[in-house]
Amino acid sequence: MGGKALIVIDIQNDFCPGGSLAVDGGDEVVPVINRLIGEFEHVILTQDWHPADHSSFASQHPGKAPFDDIEMAYGPQRLWPDHCVQGSRGAEFHPDLNVTPAELIIRKGFRRGIDSYSAFFENDHATPTGLAGYLRERGLTDLTLAGLATDFCVAYSAIDAVEQGFNARVILEGSRAIDLAGSLDAMTAKMRAAGVDII
Ligand code: VGL
Ligand code: ZN
């Protein structure tokens, strides 16, 4: 068996109450994740990190509203309120998150024309973030994931992890969902079908 790593997904102000894309109870996961961070030798954080004119923002598409769906060159894309803009307070990690032990911060969604839910690939499913290479080179094979949001970035990351040959488990107590139109149930089923352990 290889090494274990904790991957903490997007614990940023904009996904917590008061943020522009707040997930219900998003801040409640911070103490849970801090406890997990204390238990792992290898901790990796992801950070949603969009330019102000990012193409996933409804504000960039006249006539469209947040949570509408559009077709991008790489496939369907949900539109969001402006969130996690590079350098903004909303993009910062939650102030109580214990970021000190993290050995790597993966930023994603920084190309204007393409969104990225997964910690491994952008939404074209072809542009890698470099995380798989990092983990392989360091012999980290058993991944525990938690964070925001369960049904978007956590789920896409966990499914890609398994597809990339890693073992992946998701800690629900350390995750909260956006849950648009049943997306939590749908993505939980997809994770299970892909071979992700859900705890
Ligand atoms: C996320 C929507 C847009 C997430 C990021 O972290 O789940 N969701 N950007
Ligand atoms: Zn985003």
Side-chain angles (χ1 to χ4, degrees), residues 6-30 32-33 44-61 64-70 72 74-94 97 99 105-125 127 129 131 145-161 168 170-172 174-188 190-191 196 198:
L6 175 68
I7 304 190
V8 176
I9 306 287
D10 298 0
I11 306 295
Q12 295 167 258
N13 290 322
D14 270 342
F15 296 124
C16 291
S20 63
L21 184 43
V23 179
D24 273 351
D27 54 341
E28 295 167 9
V29 305
V30 172
V32 178
I33 289 181
I44 293 161
L45 311 178
T46 69
Q47 190 172 27
D48 214 35
W49 194 248
H50 300 307
D53 59 352
H54 194 251
S55 58
S56 78
F57 296 169
S59 61
Q60 298 300 305
H61 303 271
K64 296 289 178 190
F67 310 108
D68 283 353
D69 288 303
I70 59 162
M72 299 283 278
Y74 53 82
Q77 172 69 47
R78 173 79 30 91
L79 295 177
W80 305 105
D82 292 14
H83 66 279
C84 298
V85 171
Q86 295 170 2
S88 71
R89 217 193 86 74
E92 289 171 15
F93 293 111
H94 187 286
L97 184 71
V99 299
I105 298 173
I106 284 273
R107 286 176 168 166
K108 59 187 180 61
F110 52 76
R111 292 176 182 84
R112 185 190 176 277
I114 183 164
D115 203 6
S116 184
Y117 298 149
S118 166
F120 291 92
F121 288 100
E122 310 224 351
N123 286 6
D124 61 357
H125 222 84
T127 308
T129 63
L131 179 58
L145 297 98
L148 305 173
T150 318
D151 45 345
F152 286 92
C153 290
V154 175
Y156 282 84
S157 298
I159 291 167
D160 280 351
V170 167
I171 310 284
L172 290 181
S175 305
R176 291 291 184 279
I178 297 176
D179 204 12
L180 288 171
S183 56
L184 177 59
D185 284 349
M187 291 311 293
T188 302
K190 276 194 191 172
M191 285 194 277
V196 176
I198 312 237

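Every number for a ligand or one of its atoms is a count from 1 in the order of the listing. When reading the values below, keep in mind they use all heavy atoms of this one structure, side chains included, and skip hydrogens, waters and symmetry mates.
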Consider every N or O of [X] and every N or O of ligand 1, then say whether any pair is closer than 3.5 Å.
{"X": "A149", "value": "yes"}
{"X": "Y117", "value": "no"}
{"X": "D48", "value": "yes"}
{"X": "H83", "value": "yes"}
{"X": "L148", "value": "yes"}

May I ask you to identify the nearest protein heavy atom to atom 4 (C) of ligand 1, giving residue, atom name and distance to one decimal place in Å?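 The protein heavy atom lying closest is C153 SG, 2.8 Å.
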
Restricting to N, O or S atoms of H50, which is nearest to the Zn ion (ligand 2)?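 Checking each N, O and S atom of H50, the shortest distance to the Zn ion (ligand 2) belongs to NE2.
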
Tell me which N, O or S atom from D48 is the closest to the Zn ion (ligand 2).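 Closest N, O or S atom of D48 to the Zn ion (ligand 2): OD2.
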
Shortest non-hydrogen contact from [X] toward [Y]:
{"X": "A22", "Y": "P17", "result": "CB-CA, 4.0 Å"}
{"X": "Y156", "Y": "D151", "result": "CE1-O, 4.3 Å"}
{"X": "F57", "Y": "P51", "result": "CE1-O, 3.6 Å"}

What residue among S116, C84, S118 forms side chain to side chain contact (heavy atoms under 4.5 Å, CB included) with K108?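 That would be S116; it is the only one of S116, C84, S118 passing the side chain to side chain contact (heavy atoms under 4.5 Å, CB included) with K108.
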
Heavy atoms of other groups near R112 CZ, more than 12 under 6.0 Å: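 Enclosed: over 12 neighbouring heavy atoms sit under 6.0 Å from CZ of R112.
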
Using a cut-off of 6.0 Å, state whether more than 12 heavy atoms not belonging to D68 lie near its atom CG.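 Enclosed: over 12 neighbouring heavy atoms sit under 6.0 Å from CG of D68.
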
Any N/O/S of H83 under 2.8 Å from the Zn ion (ligand 2)?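 Of the N, O and S atoms in H83, at least one lies under 2.8 Å from the Zn ion (ligand 2), which means yes.
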
Considering only heavy atoms of D10, which atoms of ligand 1 have at least one such atom less than 4.0 Å away?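 Per the distance check, 4 (C), 6 (O).
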
Non-hydrogen atom of Q12 closer than 4.0 Å to ligand 1: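 False for this residue.
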
Classify the side-chain pair H125/D160 by whether it contains a donor and acceptor separated by less than 3.5 Å.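 Their side chains do contain a donor-acceptor pair, which is all the 3.5 Å distance test asks for.
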
Less than 4.5 Å apart, any side-chain heavy atom of T150 and any of M187?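 No, every pair of side-chain atoms sits at 4.5 Å or beyond.
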
